[in-house]
Amino acid sequence: YRLSDHEIGGRALEDVDLLRDVVRIKKAFYNRSTANYDRCLDGGLVLLPGEPRLGLLRRDYEDMIHAGMFSAQPPTFDQIEERLMALQAAVNRAFSP
């Protein structure tokens, strides 16, 4: 979320070869996971988990806010979720067949 707001993150989103490199590295080091990294290269990138994990992430994030873990007002979970969904859609459009 935050990296995508930065100039470097914006450039990374335009670098198709970078995503291919990330997928290659993920497959080399995390090949035993249940993730299907090749889906990232055919328009199937998923940045957010489904329920109930998304709800657990929301609760954890809100607990961090209430505990004072941020020095400034952080974005809401809804803002983060909305932004990640937009990023997911943009990457998937770039790689859709």
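Worth saying up front: this structure is predicted, and the values here are computed from it rather than measured. Every heavy atom of this structure was used, including side-chain atoms; hydrogens, water molecules and symmetry mates were not.
Applying the side-chain contact (heavy atoms from CB on, under 4.5 Å) criterion to Ala94, with sequence neighbours excluded, gives no partner residue. The salt bridge (Lys or Arg N to Asp or Glu O under 4.0 Å) test applied to Asp17 returns Arg20, not counting sequence neighbours. Judged as a side chain to side chain donor-acceptor pair (under 3.5 Å), and not counting sequence neighbours, Glu62 has no contacts. A search for side chain to side chain donor-acceptor pair (under 3.5 Å) contacts involving Arg53 returns nothing, not counting sequence neighbours. Every residue was checked against the salt bridge (Lys or Arg N to Asp or Glu O under 4.0 Å) condition with Glu51, not counting sequence neighbours, and none meets it. Checked against side-chain contact (heavy atoms from CB on, under 4.5 Å), Leu57 has the following partners two or more places apart in sequence or in another chain: Pro49, Phe77. By the salt bridge (Lys or Arg N to Asp or Glu O under 4.0 Å) test, Lys26 pairs with no residue at all, sequence neighbours left out. For Gln73, there are no side chain to side chain donor-acceptor pair (under 3.5 Å) partners at least two apart in sequence or on another chain. Not counting sequence neighbours, the partners of Phe70 by the ring-ring contact (aromatic ring centres under 6.0 Å, His included) test are Tyr61. With sequence neighbours left out, the salt bridge (Lys or Arg N to Asp or Glu O under 4.0 Å) criterion links Asp38 to Lys27.
Using modelled atom types, no side-chain atom of Asp60 and backbone atom of Leu56 make a donor-acceptor pair closer than 3.5 Å.
For residues 73-97, the set of pairs meeting the salt bridge (charged side-chain N to carboxylate O under 4.0 Å, His left out) definition, not counting sequence neighbours, comprises Asp5-Arg83, Arg58-Asp78, Arg58-Glu81. Residue pairs meeting the side-chain hydrogen bond (donor to acceptor under 3.5 Å, both in side chains) criterion with at least one member in residues 41-50, sequence neighbours excluded: Arg39-Asp42.
A distance of 9.5 Å separates CG in Leu19 from CG in Leu13, rounded to the nearest 0.5 Å.
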